[in-house]
Chemist: 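Starting off with a structure, shown below.
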Amino acid sequence: LHRLIRRQRQMCIRDRKDAKKRGVNVTAETCPQYLFFSKEDGKKWGPYLKMNPTIKTKEDNVALWNALSDGTIDMVTTDHAPGTKEEKEIGYEDIWKAWGGIPGVEDVFPMLLYETIKNKKLTLTRLVQITSANPAKRFNWYPQKGAIAIGSDADLVIVDPKITDVISADKSHYKCGWNVYEGKNIIPIEITISRGEIIAEKGEVYGKRGRGRFLPTVPKRKAMVSMM
């Protein structure tokens with residue numbers, strides 16, 4: 001596993017494109033924080049935006065969106081890492097002591113869907129690839145996961161593209177009680193279906209503890225390049 005995390009993201013993207021042209025079997029990923037935040041946002045959020053690798057420039061944001069669109073980056077993950085307010089705010093005194101990471105697993109798809117539908121940054125087909133099909137293929141879960149097909153798990157979301165909302169920490173299901181995506185536009189998920197069962201609807205979670213299943217995976221021998 002190769003994590004090219006301390007270089008400028010535009011350089012990482014060029015490396016990924018070059019590797020693909022040479023036939024190297026690599027997979028690239030990014031996270032939503034690197035699509036939606038730049039260094040300027042640190043003035044507002046301070047230690048709440050401490051993470052590794054660090055956020056970069058607006059030019060890097062644009063480069064990542066373009067790489068997602070053209071297939072250079074294969075998937076969007078979250079690095080979901082919520083810490084308490086106390087763990088974050090100690091960074092106002094000593095940034096090195098602050099928790100590194102932010103929550104994001106609840107917000108990533110609604111934000112990407114909004115950018116796809118409203119701002120045309122991705123096609124719907126590409127959105128499905130980077131959030132579902134490609135991760136399933138990478139970890140050898142496809143077509144059990146990542147596909148709508150006979151024999152596949154009925155894992156679905158239902159949305160209304162005409163309905164929009166903004167993210168609010170008060171409505172989030174994170175235990176940490178804060179959310180740096182506060183105020184970001186989303187198209188909310190109306191219904192979440194897992195293996196044919198409705199487990200969430202309009203912000204209410206109905207899935208029962210213990211219904212999850214462990215999915216073993218034996219990834220093929222590939223280099224994975226993480227462009228975050």
Side-chain angles (χ1 to χ4, degrees), residues 9 29-51 53-83 85 88 101-135 155-193 199-205 227-228:
R9 294 190 177 95
E29 66 177 46
T30 191
C31 300
Q33 54 264 42
Y34 305 115
L35 298 170
F36 289 95
F37 293 114
S38 64
K39 291 188 293 185
E40 288 78 4
D41 295 297
K43 298 175 183 178
K44 174 182 178 181
W45 289 105
Y48 280 95
L49 274 185
K50 180 190 174 185
M51 62 191 72
T54 60
I55 54 176
K56 297 291 193 294
T57 67
K58 292 181 179 179
E59 289 76 16
D60 285 301
N61 298 147
V62 172
L64 287 174
W65 278 111
N66 290 338
L68 272 178
S69 179
D70 68 19
T72 303
I73 297 179
D74 302 285
M75 63 186 77
V76 176
T77 59
T78 66
D79 273 4
H80 180 76
K85 291 182 178 180
K88 277 295 193 180
I102 62 174
V105 68
E106 184 177 1
D107 305 310
V108 56
F109 185 80
M111 289 194 299
L112 292 177
L113 182 60
Y114 182 93
E115 295 300 321
T116 297
I117 298 295
K118 302 300 182 181
N119 293 328
K120 309 300 182 185
K121 290 186 177 179
L122 301 169
T123 65
L124 280 172
T125 297
R126 187 67 187 141
L127 176 64
V128 171
Q129 290 171 343
I130 65 175
T131 59
S132 183
N134 287 351
D155 299 332
L156 306 166
V157 294
I158 298 175
V159 301
D160 184 342
K162 296 179 182 179
I163 297 176
T164 62
D165 201 352
V166 295
I167 293 172
S168 168
D170 293 337
K171 294 188 291 185
S172 297
H173 292 86
Y174 307 135
K175 291 183 178 180
C176 61
W178 56 272
N179 192 336
V180 292
Y181 295 114
E182 182 105 27
K184 296 290 185 185
N185 293 312
I186 59 171
I187 293 178
I189 297 173
E190 299 297 307
I191 298 175
T192 302
I193 301 171
I199 60 169
E201 184 171 1
K202 295 188 180 298
E204 295 296 325
V205 178
M227 296 181 190
M228 299 190 297

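The analysis underlying the following values was restricted to heavy atoms, covering all of them including side chains, and did not include hydrogens, waters or symmetry mates. Because the structure is a prediction, the values reported are computed rather than measured. Position 1 is the first residue of the sequence, and the numbers go up from there.
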Chemist: Between E190 and V159, what is the shortest heavy-atom contact and its length?
Modeler: CG-CA, 4.2 Å
Chemist: Using modelled atom types and a 3.5 Å cut-off, is there a donor and acceptor pairing between side-chain atoms of D165 and backbone atoms of N185?
Modeler: no
Chemist: Using modelled atom types and a 3.5 Å cut-off, is there a donor and acceptor pairing between side-chain atoms of K56 and backbone atoms of T54?
Modeler: yes
Chemist: So, for N179 and Y174, which heavy atoms are closest and what is the spacing to 0.1 Å?
Modeler: ND2-CE1, 3.5 Å
Chemist: Okay, side chain of D107, backbone of G104: is any donor-acceptor separation there less than 3.5 Å?
Modeler: no
Chemist: Measure from the side-chain N and O atoms of N134 to the backbone N and O of M75, and report whether any donor-acceptor pair falls under 3.5 Å.
Modeler: no
Chemist: Do side-chain atoms of H80 reach the backbone of E106 as a donor and acceptor pair under 3.5 angstrom?
Modeler: no
Chemist: For atom NZ of K118, decide whether the heavy atoms of other residues, nucleotides or ligands shown that lie under 6.0 angstrom number more than 12.
Modeler: yes
Chemist: How close do I102 and Y181 get, heavy atom to heavy atom, and via which atoms?
Modeler: CD1-OH, 3.7 Å
Chemist: On a heavy-atom basis, which atom in I163 and which in P188 lie closest, and how many Å separate them?
Modeler: O-CD, 3.5 Å
Chemist: Is K88 reaching over with its side chain to a backbone N or O of G101, donor-acceptor style, under 3.5 angstrom?
Modeler: yes
Chemist: Tell me whether the guanidinium CZ or amine NZ of K184 lies under 6.0 angstrom from the six-membered ring centre of F37 and within 45° of its axis.
Modeler: yes
Chemist: Between the main-chain N or O of K121 and the side-chain N or O of E115, is there a donor-acceptor pair closer than 3.5 Å?
Modeler: no
Chemist: Please test T57 against D60 for side chain to side chain donor-acceptor pair (under 3.5 Å), starting from the C-alpha separation and ending with a verdict.
Modeler: CA-CA 5 Å; T57 67; D60 285 301; 2.8 Å; yes
Chemist: Short question: side chain of W178, backbone of P103 - any donor-acceptor pair under 3.5 Å?
Modeler: no
Chemist: So, taking the atom named CD1 in I158 and the one named CD1 in I193, what distance separates them when rounded to the nearest 0.5 Å?
Modeler: 4.0 Å
